[in-house]
*Asks:* 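Sharing a structure with you now.
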Amino acid sequence: MANLRFQNALKAIPQKVPPIWFMRQAGRYHKHYQRLREKHSFMDLCKIPELAAETTSGPIEDFDFDVAILFSDLLFPLEALGLGLSYDDGGPKLGKHLDLNVLSQLRSHDDALPFLEFQKKAMQLTRQKIPNEKSLIGFVGGPWTLFSYACQGTHSGGLQETKTKLSLFPKFMDHLIPLLISNIQLQLDGGAELVMIFDTAAGEISANLFENLVAPQLSLLAAKFPNQLAYYSKGTVPEHLNFIAKNTWAGVGYDHRWDLSKVMDSKRFPGFVQGNFDQSLLFLETSEFKSQVAKYLDRFESMEPKLRTGWVSGLGHGVLPKTPESHVKYLVDEIRRRLA
């Protein structure tokens, strides 16, 4: 019960056509998701396992992605710890922001974990729902990204407020890392083949500070789950990722700022290489969009399959709201057609 192309990428077996999955492939752009949202809240789509499985499976049925990624949200560990969480049209809202007083009131690991157990059931039901030849993965938020949300309720901008609270980071990690370990285990026990760590705020911290503050926390996670975790960061530079070589990661995701063909050629890190067509280009007028897809794929088509070993094809980040579904479908089909 797994996708052969995805398994080949994980095992570094050369192949002509890469497996395909997009971050946020189940989301607001998709009519399947929109129909569900007419009847259910976002929170219900995540927390009611049957609805989460239905939401996750929609893009597999409509776009034939090789990999399904559990429909959920990276902020649920913060809710579990007692920071409160709600969603409206403006996005997520935390009930509390981290300070010394809030830190002292966080729930214990044993009290927080039951708030996340819905993900295991959602994973189990999704595995039953999607075809046997499709793979299934999970995800959690990265420590720095979750710390940023906990401090200021967002991960956007320069994170000035978060950076003024760096003294709270180690103490918050004492609560967060054990919970993330249990959260990851729940997803693996539910049927996930691996779990992605999404660190979308990582590029807002210097590489030096990242190496000294954040990388040790990520290494703790990797050591606990060798070859079962992959790491994606946004806006980072090569120096941010030095820690990858020191651990047994299943793979690394790269945003659209990286030249993925050079990443593959360098073989800097073991494991799969995931990414990275610029998601904003899917909004181009159709003929220009197709031209950009062709230019993007030219460099990969010219590479021998063995040089593309481990590639998991996707976007630089996630599918954006209002992205034309026809362009999502075209990109999936064209990757397979050009590289067959």
Side-chain angles (χ1 to χ4, degrees), residues 1-3 21-81 83-95 112-141 146 149 179-180 182-198 200 314 318-323 325 328-329 332:
M1 297 176 66
N3 181 264
W21 70 268
F22 294 173
M23 285 184 279
R24 296 179 183 165
Q25 63 191 24
R28 287 176 286 175
Y29 79 101
H30 191 195
K31 289 184 176 63
H32 176 268
Y33 171 85
Q34 293 167 11
R35 288 192 293 269
L36 289 170
R37 277 290 281 118
E38 289 175 357
K39 301 177 182 178
H40 308 282
S41 69
F42 173 80
M43 192 81 86
D44 283 348
L45 293 185
C46 294
K47 287 194 168 186
I48 298 175
E50 292 80 4
L51 292 177
E54 176 65 25
T55 308
T56 302
S57 65
I60 302 301
E61 297 170 359
D62 289 352
F63 304 107
D64 195 30
F65 291 109
D66 294 289
V67 182
I69 182 166
L70 180 69
F71 186 79
S72 194
D73 192 83
L74 58 82
L75 296 183
F76 289 131
L78 300 185
E79 181 190 33
L81 286 171
L83 293 178
L85 182 63
S86 62
Y87 296 89
D88 58 27
D89 292 339
K93 300 288 187 300
L94 293 177
L113 185 58
F115 287 83
L116 298 172
E117 289 179 349
F118 67 90
Q119 288 189 339
K120 178 180 179 180
K121 182 64 174 177
M123 194 72 75
Q124 291 170 330
L125 292 179
T126 301
R127 181 64 272 176
Q128 294 171 15
K129 188 171 180 60
I130 63 175
N132 288 342
E133 68 272 14
K134 301 298 183 181
S135 279
L136 176 62
I137 64 176
F139 73 95
V140 296
L146 291 174
Y149 267 108
L179 186 60
L180 286 183
S182 295
N183 193 178
I184 291 165
Q185 190 64 59
L186 282 174
Q187 295 186 28
L188 292 172
D189 290 346
E193 293 165 43
L194 63 86
V195 174
M196 294 286 299
I197 295 177
F198 289 149
T200 48
V319 187
L320 298 170
K322 300 183 180 179
T323 296
E325 287 189 31
V328 173
K329 178 65 173 170
V332 172

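Reckoned from all heavy atoms, side chains included, excluding hydrogens, waters and symmetry mates. Everything numeric here is computed off the predicted structure, so don't read it as measured data.
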*Asks:* Could you list the residues that satisfy ring-ring contact (aromatic ring centres under 6.0 Å, His included) with His30, not counting sequence neighbours?
*Replies:* His32, Phe63

*Asks:* On a heavy-atom basis, which atom in Gly138 and which in Ala192 lie closest, and how many Å separate them?
*Replies:* N-CB, 3.9 Å

*Asks:* List for me each residue that meets side chain to side chain contact (heavy atoms under 4.5 Å, CB included) alongside Leu51, sequence neighbours excluded, and say none if there are none.
*Replies:* His40, Asp44, Leu45, Ile48

*Asks:* Do you know which two heavy atoms are closest between Ala80 and Phe115, and how far apart they sit?
*Replies:* CB-CB, 3.7 Å

*Asks:* Identify each donor-acceptor pair in which a side-chain atom of residues 67-77 lies under 3.5 Å from a protein atom, sequence neighbours left out, and give them as a table.
*Replies:*
| unit_1 | atom_1 | unit_2 | atom_2 | d |
| --- | --- | --- | --- | --- |
| Ser72 | OG | Gln119 | NE2 | 2.8 |
| Asp73 | OD2 | Leu75 | N | 3.0 |
| Asp73 | OD2 | Tyr87 | OH | 2.8 |

*Asks:* So which heavy atom on Pro92 is nearest to which on Tyr149, and how close?
*Replies:* CG-CE2, 4.3 Å

*Asks:* Can you name the salt bridge (Lys or Arg N to Asp or Glu O under 4.0 Å) partners of Lys329, sequence neighbours left out?
*Replies:* Asp333

*Asks:* Can you tell me how far the CG atom of Asp189 sits from the CE atom of Met123, to the nearest 0.5 Å?
*Replies:* 10.0 Å

*Asks:* Applying salt bridge (Lys or Arg N to Asp or Glu O under 4.0 Å), name anything that partners Asp64, two or more places apart in sequence or on another chain.
*Replies:* Lys134, Arg336

*Asks:* With Ser182, which residues qualify under side chain to side chain contact (heavy atoms under 4.5 Å, CB included), at least two apart?
*Replies:* His109, Leu113

*Asks:* Below 4.5 Å, heavy atoms only, C-beta onward: do Leu179 and Leu116 meet side chain to side chain?
*Replies:* yes

*Asks:* Between Gln25 and Val319 (side chain of the first, backbone of the second, donor and acceptor by atom type, cut-off under 3.5 Å), is there such a pair?
*Replies:* no

*Asks:* With sequence neighbours excluded, what pairs up with Lys121 under the side chain to side chain donor-acceptor pair (under 3.5 Å) test?
*Replies:* none

*Asks:* Can you tell me if Gln34 uses its side chain to pair, donor with acceptor, with the backbone of Arg28 under 3.5 Å?
*Replies:* yes

*Asks:* What pairs of residues pass the salt bridge (Lys or Arg N to Asp or Glu O under 4.0 Å) test when at least one of them lies in residues 52-62, not counting sequence neighbours?
*Replies:* Glu54-Lys129

*Asks:* Does any part of the side chain of Val328, heavy atoms only, come nearer than 4.5 Å to the side chain of Phe65, both counted from C-beta?
*Replies:* yes

*Asks:* Minimum heavy-atom separation for Val332 and Phe22, please, with both atom names.
*Replies:* CG2-CZ, 4.1 Å

*Asks:* Would you indicate whether the side-chain heavy atoms of Phe198 and Met23 approach each other to under 4.5 Å?
*Replies:* yes

*Asks:* Kindly indicate whether the side chain of Leu78, heavy atoms from C-beta on, has any atom under 4.5 Å from the side chain of Leu85.
*Replies:* no

*Asks:* For Lys31, give me all partners under salt bridge (Lys or Arg N to Asp or Glu O under 4.0 Å), at least two apart in sequence or on another chain.
*Replies:* Glu325

*Asks:* Provide the closest heavy-atom pair for Ala52 versus Cys46 in the form atom of the first, atom of the second, distance.
*Replies:* CB-O, 3.7 Å

*Asks:* Quick one: list whatever passes side chain to side chain contact (heavy atoms under 4.5 Å, CB included) with Glu193, sequence neighbours left out.
*Replies:* Ala2, Phe6, Gln7, Arg127, Ser135

*Asks:* Could you tell me whether the side chain of Val195 reaches within less than 4.5 Å of the side chain of Ile137, counting heavy atoms only?
*Replies:* no

*Asks:* Could I get the full list of salt bridge (Lys or Arg N to Asp or Glu O under 4.0 Å) partners for Lys47, not counting sequence neighbours?
*Replies:* Glu79

*Asks:* Who are the side chain to side chain donor-acceptor pair (under 3.5 Å) partners of Asn132, not counting sequence neighbours?
*Replies:* none

